[in-house]
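Just below is one structure, and these are the notes that go with it.
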Amino acid sequence: MIEARHLRVLRAVATTGSFSAAGRELGCTQPAVSQQMKALEASVGTPLLVRGGREMRLTQAGQTLVRHAVGILAGLTAAEEEVAAIAGLRAGRVRLVSFPSGSSTLVPTALAALRAAHPGTRVSLEEAEPPQSVRLLREGDCDLALAFRYEGATGGQEGEWDDLVVRPLLSDRLVALVPERHRLAHAPSVAIGDLAREPWIAGCPRCRGQLVEVCESAGFTPRIDFATDDYPAVVGLVGAGLGVAVLPQLAIESVRPRGARTVTLEPAVRREIVALTLPDLAQVPAVAATLEQLARAASR
């Protein structure tokens with residue numbers, strides 16, 4: 001195994017022509033230089049220097065190793081500088097995956113603050129709903145996932161994040177969304193059972209599953225006429241009088257509900273918004289800084 005420190009000594013000896021001069025250049029003693037050269041020759045299995053009185057010259061193997069050492073040490077220096085830049089947040093990359101309502105609310109604020117504080121850090125963004133986003137994280141296709149799960153939900157959500165670093169961000173309450181001329185449009189609150197006879201517009205598969213679970217716990221199965229992952233489409237369908245929906249408050253913040261009104265849902269149904277990463281990735285400065293900015297954005 002050839003060590004970088006031995007290559008540096010060899011290059012200094014080749015440049016200066018003696019152990020003592022190489023020691024002065026490297027800031028160490030002549031015996032230390034001699035010992036490291038012997039260690040290098042032992043590791044490569046052949047002499048690298050011909051010592052004769054005051055004269056010292058490289059063997060053919062020594063000349064070959066010095067020639068390669070120049071490129072190797074330059075590459076190591078560049079790597080050290082690049083790693084130091086990443087560690088100091090002067091550079092770095094974070095691959096973020098988020099669900100749509102998080103992308104339009106929490107993510108812009110967090111990334112703007114991150115760019116202002118660390119302009120050398122770059123973040124890419126893709127959208128995916130959980131559990132797909134969590135799968136992307138585990139498979140190495142992203143570094144950070146913004147995800148959610150419903151409080152008290154069943155269906156395999158328990159323990160699904162046990163192997164991940166979980167940074168809680170906020171508790172997002174669901175609200176009912178009805179056409180503005182609906183009989184309950186101006187009610188102070190509604191129970192899910194009050195909407196049992198209505199046609200429904202459902203959201204993403206996880207949200208759809210939660211809707212069915214909540215409705216069935218209230219004694220009915222919702223008649224889902226439309227299903228879409230696009231929150232503006234949900235709002236548009238409700239605003240056109242084609243049904244009712246239950247949406248997270250975070251989604252309402254990012255969409256202007258024309259023709260529709262939000263009504264408080266009682267008892268409260270909430271989803272937990274979190275940022276997820278792998279334990280090793282949590283130690284990467286750029287990932288840790290992005291996590292911190294997401295938490296700050298969620299607290300505003």
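Just so we're clear, the structure is a prediction, and the values are computed from it rather than from any experiment.
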Would you confirm whether Thr277, through its side chain, and Asp143, through its main-chain N or O, come within 3.5 Å as a donor-acceptor pair?
-> yes

Is Arg149 close enough and on-axis enough to Trp161, meaning under 6.0 Å and within 45°, for cation-pi?
-> yes

Mind checking whether [X] and [Y] have side chains closer than 4.5 Å, heavy atoms only?
{"X": "Ser171", "Y": "Glu272", "answer": "no"}
{"X": "Ser189", "Y": "Leu265", "answer": "no"}
{"X": "Leu169", "Y": "Phe148", "answer": "no"}
{"X": "Leu106", "Y": "Leu170", "answer": "yes"}

Intermediate values then yes/no, side-chain contact (heavy atoms from CB on, under 4.5 Å), Leu58 and Leu10 | CA-CA 10 Å; Leu58 295 170; Leu10 174 64; 4.0 Å; yes

Do [X] and [Y] sit within salt-bridge range, that is, some charged N less than 4.0 Å from a carboxylate O?
{"X": "Glu180", "Y": "Arg258", "result": "no"}
{"X": "Arg206", "Y": "Glu160", "result": "yes"}
{"X": "Glu82", "Y": "Arg93", "result": "no"}

Please report the C-alpha distance between Leu291 and Leu144 in whole Å, then the side-chain angles of each, then the deciding distance to 0.1 Å, and finally whether the side-chain contact (heavy atoms from CB on, under 4.5 Å) criterion is met.
-> CA-CA 8 Å; Leu291 275 172; Leu144 194 58; 3.5 Å; yes

Exactly one candidate in Leu177, Val175, Ile192, Ile201 meets side chain to side chain contact (heavy atoms under 4.5 Å, CB included) with Val246; the answer is Ile192

